[in-house]
Amino acid sequence: MKKFFPIYVRIPVLFTLFFLAMEFFIDSGDKPAFIKYPIVSILLLLFLFVLIAFEIVVKASNNVLNSLLTEEQRKAKEAEENLPFMESPFYKNLMHKLTRSKKIEEEKELLLHHDYDGIRELDNVLPPWWVYLFYACIAFAFIYMVRFHILGHDDQITEYEKAMAEAKIAVEEYKKTAPDVMDKEKVTLLTDAESIAAGKTIFETNCVACHRPDAGGAIGPNLTDNHWILGGGIKNVFNTIMEGGRDGKGMVAWKATIKPSDIQKVASYVLSLQGSNPKDAKAPEGDVWTEDGAAPAATATPVTESTESAAPDAAAK
């Protein structure tokens with residue numbers, strides 16, 4: 001066997017199997033066990049040392065035994081070791097145990113009395129591997145029937161449905177606090193200086209072409225008054241930047257370019273500009289907005305196509 005599994009194969013294979021077993025059975029989270037737990041590294045090194053020491057001892061023992069053999073015994077041993085694997089005693093014994101086959105010389109003992117035009121039948125036994133597998137299938141079927149049809153344990157479909165339900169609950173819990181899966185219903189107004197400053201930076205990068213640096217309005221509407229085309233307040237402004245304005249007229253959707261947490265900051269920055277009254281601001285457009293909703297349409301100023309913007313917040317106004 002050593003001929004087919006030499007030392008340079010045995011040691012790496014055994015060490016790898018031991019390493020994989022340690023990683024499988026030791027819960028180390030997102031880090032490998034040998035990094036998270038230094039004792040595991042020590043155990044791995046110790047196992048490697050034992051493997052090498054064992055091979056050295058076996059090699060030394062074989063050398064001693066070989067020195068005690070006669071020349072004839074040594075030649076017989078070498079001849080046996082040089083046999084092809086399928087002719088080795090190990091392989092022959094294994095196949096005999098698996099098949100219980102008879103030698104050609106013993107076929108006469110297996111002949112039945114049937115004779116079909118000179119063709120005679122052998123009474124071979126079933127191979128043990130087939131018999132054992134058949135018994136194993138019967139045992140598996142019995143255990144399966146008791147577990148799932150008598151005791152009522154969850155089958156694969158039920159386990160899948162439960163796992164999907166648990167995953168759905170976990171996703172919903174995650175969405176409650178994850179900023180980049182935020183939507184109109186969960187967004188809140190940010191008032192801290194850091195968020196407002198970040199929103200201003202994004203606004204100056206993407207929005208000034210249509211709304212001017214002071215948000216007084218150019219191609220897009222004035223963002224500093226209390227008139228809004230698609231509704232004011234953090235939820236409406238956030239949604240308008242995310243989804244865009246009216247089809248064919250308003251601002252494009254920015255959700256593919258700016259992540260939701262940054263859109264929240266831009267919307268909060270825009271709302272912080274309310275009442276700043278920049279010089280030469282554009283005339284109001286849309287309806288007067290309060291947190292309870294828009295004012296009656298009589299207070300609205302007509303809107304034209306040229307007053308809406310293709311940059312963030314244009315359709316929000």
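Side chains of T240 and M251 form a contact here, defined as non-hydrogen atoms less than 4.5 Å apart. For the pair P221 and H211, the minimum side-chain heavy-atom distance is below 4.5 Å. The side-chain heavy atoms of R212 and P278, taken from C-beta on, include a pair separated by under 4.5 Å. With contacts defined as side-chain heavy-atom distances shorter than 4.5 Å, the pair S268/I234 qualifies. Side-chain contact between K255 and E243 is present, with at least one heavy-atom pair separated by less than 4.5 Å. Looking at V50 and L48, their side chains never come closer than 4.5 Å, going by heavy atoms from C-beta outward.
Rounding to the nearest 0.5 angstrom, the gap separating the CZ atom in F34 from the CD atom in E23 is 6.5 Å. Here OG of S41 is found 9.0 Å from CZ of F19. Values are rounded to the nearest 0.5 Å. How far CD of Q274 is from CG of L271: 6.0 Å, rounded to the nearest 0.5 Å. For the atom pair CG (D262) and OG1 (T201), the distance works out to 10.0 Å, reported to the nearest 0.5 Å. Note: E285 CD to L223 CG = 10.0 Å, rounded to the nearest 0.5 Å. For the atom pair D214 CG and T224 OG1, the distance stands at 7.5 Å (nearest 0.5 Å).
Between E55 and R10 there is a salt bridge, since at least one side-chain N of the basic residue sits less than 4.0 Å from a carboxylate O of the acidic one.
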Could you give the side-chain donor-acceptor pairs of residues 144-153 under 3.5 Å, partners two or more places apart or in another chain?
unit_1 : atom_1 : unit_2 : atom_2 : d
R147   : NE     : H153   : ND1    : 3.3

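The shortest heavy-atom contact between A215 and N222 is O-OD1, 3.2 Å. Scanning all heavy atoms of the two residues, the minimum distance from K235 to E185 falls at NZ-O, 3.0 Å. Between A218 and A209, the shortest heavy-atom distance links the atoms CB-O, 4.4 Å. The minimum heavy-atom distance between I11 and L51, with the atom names listed, is O-CD1, 3.9 Å. In this structure, V187 and F238 approach most closely via the heavy-atom pair CG2-CD1, 3.7 Å. The heavy-atom pair separating N236 from W289 by the smallest distance is ND2-CH2, 3.3 Å.
With S67 contributing its side chain and V64 its backbone, the two residues share a donor-acceptor pair below 3.5 Å. Under a 3.5 Å cut-off, the side chain of Q264 and the backbone N or O of L189 do not form any donor-acceptor pair.
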Stepwise side-chain contact (heavy atoms from CB on, under 4.5 Å) test for F203 and V208: CA-CA 7 Å; F203 180 88; V208 296; 4.1 Å; yes
side-chain contact (heavy atoms from CB on, under 4.5 Å) evaluation trace for I26 with V40: CA-CA 9 Å; I26 298 176; V40 174; 3.7 Å; yes
L190 and K265: CA distance, side-chain angles, deciding distance, side-chain contact (heavy atoms from CB on, under 4.5 Å) verdict: CA-CA 7 Å; L190 301 175; K265 294 172 184 177; 3.8 Å; yes
V237 vs W228, side-chain contact (heavy atoms from CB on, under 4.5 Å): CA-CA, chis, key distance, verdict: CA-CA 9 Å; V237 175; W228 299 88; 3.7 Å; yes
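Under a hydrophobic-cluster definition in which Ile, Leu, Val, Met, Phe, Trp and Tyr are linked whenever side-chain heavy atoms come within less than 4.5 Å, directly or via other members, L45 and Y37 are assigned to different clusters. Under a hydrophobic clustering in which Ile, Leu, Val, Met, Phe, Trp and Tyr are joined whenever their side-chain heavy atoms come within less than 4.5 Å, directly or via other members, Y135 and I143 fall into different clusters. When hydrophobic clusters are built by joining Ile, Leu, Val, Met, Phe, Trp and Tyr residues whose side-chain heavy atoms come closer than 4.5 Å, directly or via intermediates, L98 is grouped together with V131. Connection of F24 to I39 is not established within any shared hydrophobic cluster, with ILVMFWY side chains joined at heavy-atom distances below 4.5 Å, either directly or through further cluster members. Following chains of ILVMFWY side-chain contacts shorter than 4.5 Å, one cannot reach W129 starting from Y132, and the two form parts of different hydrophobic clusters.
For Y8, the side chain to side chain contact (heavy atoms under 4.5 Å, CB included) criterion is met by P6, not counting sequence neighbours. Scored by the side chain to side chain contact (heavy atoms under 4.5 Å, CB included) test, F18 finds M22, L44, F47 as partners (sequence neighbours excluded).
Counted within 6.0 Å of CG on N63, heavy atoms from surrounding residues, nucleotides or ligands total more than 12; the atom is thus considered enclosed. Residue-environment remark: CD1 (I157) stays at or below the threshold of 12 foreign heavy atoms within 6.0 Å.
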